[in-house]
Amino acid sequence: MLEALAGGIALFLDPTVLLLIALAVPVGLVMGVLPGLSGLSALALLLPFVYGMQPMPGLAFLLAAHAVVSTGGSLTAIVLGIPGAPANAATVIDGGPLRAQGRHGEAIGAALAASGLGGLIGVVALIALLPLLLPIVKLFGAPETFVLALLGVICIAIIGREDPLRGLIAAALGMFLSTFGWQRITGEPRFWLDFDYLLDGMRLVPMVLGLFAVPEAIGLGVEAVRRSGNGGRAALQADLGRGLLAPFRRPLLALRSSLIGVLVGIVPGVGGETAPFLAYASAKKRAPASEGFGKGAIAGVVAPECSNNAKEGGALLTTLALGLPGSAGMAVLLGGFLLLGLEPGPDFLDAHMDIAIGLAITLAVANLLAVLLMIACAPLMLRVLAAPARFLSPAIMVLVVLGVYAVANEPYDVLAVFLFGVLGWFMRAYGYSRPALLLGFILAPLIETYLHISLRRYGLDFLLQPGVLAIAAFLLVGLLWPRLWSLLRRGRAGGGA
């Protein structure tokens with residue numbers, strides 16, 4: 001292992017690798033800041049450029065760009081209330097209220113520090129678990145994956161701000177919208193209304209931009225945006241500095257959220273957008289009522305952003321060791337491996353552990369470099385808050401249209417984004433959780449597919465599988481622990497009296 005570590009460091013320190021990382025990080029940040037261009041888009045657009053490169057430089061270029069997209073997206077989520085990437089949707093829940101309170105500088109600082117810290121914890125977990133991963137991930141079959149995805153939907157009841165029932169209704173709507181198009185197992189078309197566009201199902205990017213960006217732009221057009229009133233560079237820097245310390249003042253929250261990201265990222269197909277919501281739900285469940293989750297809690301920014309970047313370490317872990325992509329972005333990265341003549345899997349770790357270590361170091365350095373760049377650019381980016389609403393609103397609409405059309409060059413995507421915009425406006429007006437709808441939409445295909453596989457393989461006995469029982473026990477403890485802990489503390493207090 002020491003030899004592989006030395007080889008990985010040597011591969012990383014190659015000047016070509018360092019130059020490509022320095023180029024990739026700003027590209028990934030820009031794609032995160034611009035609504036509609038996700039990490040998946042970044043990898044897809046950059047994949048042709050690595051053809052003909054050596055394996056380590058090409059993979060480092062792709063991974064560095066992909067890893068920092070959610071870091072850039074956190075600024076957009078806070079400043080404009082729009083997830084720069086789908087994984088930043090959980091950050092909007094408290095990022096928007098913090099911006100309205102004039103605490104946007106503090107929120108941005110907290111998000112950036114949490115992103116960097118979560119990324120480093122994810123890398124430490126990646127390096128520690130690489131030799132041990134194979135027997136762990138083999139325990140996750142279809143039943144375990146189904147239950148883990150179902151766990152994410154149950155957490156929507158916690159994410160729903162004041163009314164868990166409305167959160168579950170929104171989630172159910174998201175799950176229903178995921179059923180449009182070809183059924184993934186039987187191949188039967190569902191709810192396509194003789195309209196070919198719907199055969200491929202609802203698109204994620206139009207949905208995200210419609211639910212979050214369009215209502216925000218409409219809101220800016222009909223009422224003035226609240227200003228913090230301090231506006232000065234010195235005040236902004238002070239707010240950023242205070243926010244940068246937030247994750248370090250909550251070490252247990254940061255560590256727990258990062259580990260949630262790593263664990264969810266490890267499970268193939270679940271990672272991505274699920275981890276931040278689970279981390280947010282966990283933080284909210286354990287927080288006192290005075291924390292004010294959903295109304296502008298710094299912890300509500302720290303938790304999802306720690307998980308956001310930590311999940312990449314877990315997703316890369318599964319991709320390298322088993323050749324199973326831990327997320328959609330890692331599926332594209334897997335194409336990069338094949339393009340460069342490598343095949344991830346158990347044999348890959350035996351033959352190329354030095355490349356695996358080099359990629360882990362790349363992940364850590366890219367996260368740190370992204371934080372430094374975003375801190376330097378934050379004052380410039382925040383000038384968008386000073387723009388009059390009558391200018392900002394159409395500018396957001398232009399970004400929405402360009403972003404959604406650039407993904408697939410599909411005119412119907414532009415129509416879809418405005419239809420989802422109307423839905424998002426009504427959901428915001430009547431208090432239904434838009435992130436809950438998004439999470440239900442994302443997790444429904446996993447739930448449906450792995451439930452079908454589990455029933456075909458085990459029947460109802462899949463509910464008695466050891467992994468399923470372990471996850472169910474974890475869920476039960478997680479839901480009941482805060483109440484049990486409160487009762488235990490009251491008992492101790494009463495005994496002490």
Side-chain angles (χ1 to χ4, degrees), residues 70-71 73-118 152 155-164 166-167 170 211-212 216 226 239-240 242-261 264 273-311 428 431-439 478 482:
S70 61
T71 303
S74 65
L75 188 138
T76 309
I78 294 167
V79 174
L80 298 179
I82 306 168
N88 296 114
T91 306
V92 175
I93 300 174
D94 280 279
L98 284 166
R99 177 201 64 204
Q101 297 168 18
R103 298 169 62 193
H104 46 276
E106 183 182 357
I108 291 170
L112 295 179
S115 295
L117 182 60
C155 286
I156 294 172
I158 302 172
I159 295 170
R161 292 186 180 179
E162 304 298 333
D163 190 347
R166 293 191 180 190
L211 289 175
F212 293 96
E216 189 70 22
R226 291 191 206 175
D239 289 344
L240 280 173
R242 184 165 60 252
L244 289 171
L245 296 176
F248 302 99
R249 291 172 177 162
R250 300 166 174 82
L252 291 179
L253 171 66
L255 179 61
R256 183 173 62 246
S257 301
S258 299
L259 292 179
I260 288 173
V264 175
E273 298 80 11
T274 309
F277 284 104
L278 292 178
Y280 183 91
S282 173
K284 182 178 179 180
K285 192 68 177 176
R286 289 170 172 78
S290 59
E291 190 79 32
F293 268 74
K295 300 177 181 177
I298 285 293
V301 172
V302 171
E305 288 302 322
C306 278
S307 180
N308 252 342
N309 288 47
K311 76 180 187 299
R428 189 177 76 162
Y432 287 86
S433 174
R434 290 172 290 166
L437 186 151
L438 179 63
L439 188 59

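Computed over heavy atoms, backbone and side chain alike; hydrogens, waters and symmetry mates excluded.
Contact between Pro247 and Ala254 at its shortest, heavy atoms only, is O-CB, 3.9 Å. Ala246 and Ala110 get closest at one heavy-atom pair: CB-CB, 3.8 Å. Ala310 and Ser258 make their closest contact through CB-O, 3.3 Å (heavy atoms, listed as atom of the first residue, atom of the second, distance). Across all their heavy atoms, Ala299 and Arg250 have their closest contact at CB-NE, 4.1 Å. The shortest heavy-atom contact between Ala113 and Phe248 is CB-CE1, 4.4 Å.
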Begin with the C-alpha distance, continue with both residues' side-chain angles, and end with the deciding distance and a verdict on side chain to side chain contact (heavy atoms under 4.5 Å, CB included) for Val264 and Lys311. CA-CA 7 Å; Val264 175; Lys311 76 180 187 299; over 6 Å; no
Between Ser70 and Asn309, is the side-chain hydrogen bond (donor to acceptor under 3.5 Å, both in side chains) condition met? List the steps. CA-CA 7 Å; Ser70 61; Asn309 288 47; 3.1 Å; yes
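Judged purely by atom type and a 3.5 angstrom limit, Ser115 uses its side chain to pair as donor or acceptor with the backbone of Ala111. At least one donor-acceptor pair under 3.5 Å links the side chain of Ser307 to the backbone N or O of Ala275.
For the pair Asp94/Tyr280, a side-chain contact is recorded, criterion being any heavy-atom separation below 4.5 Å from C-beta on. Between Arg242 and Arg249, some side-chain heavy-atom pair lies under the 4.5 Å cut-off. The closest side-chain heavy-atom distance from Cys306 to Val302 is below 4.5 Å. Counting heavy atoms from C-beta on, the side chains of Ser282 and Ile260 come closer than 4.5 Å. Glu106 has its side chain out of reach of Leu98: every pair of non-hydrogen atoms, C-beta onward, lies at least 4.5 Å apart.
In this structure, CG in Leu112 is found 12.5 Å from CG in Leu117, a value given to the nearest 0.5 Å. Atom CD1 of residue Ile298 and atom CG of residue Leu253 lie 11.5 Å apart, to the nearest 0.5 angstrom. Taken from NZ in Lys295 to CD1 in Ile93, the straight-line distance is 14.0 Å, to the nearest 0.5 Å.
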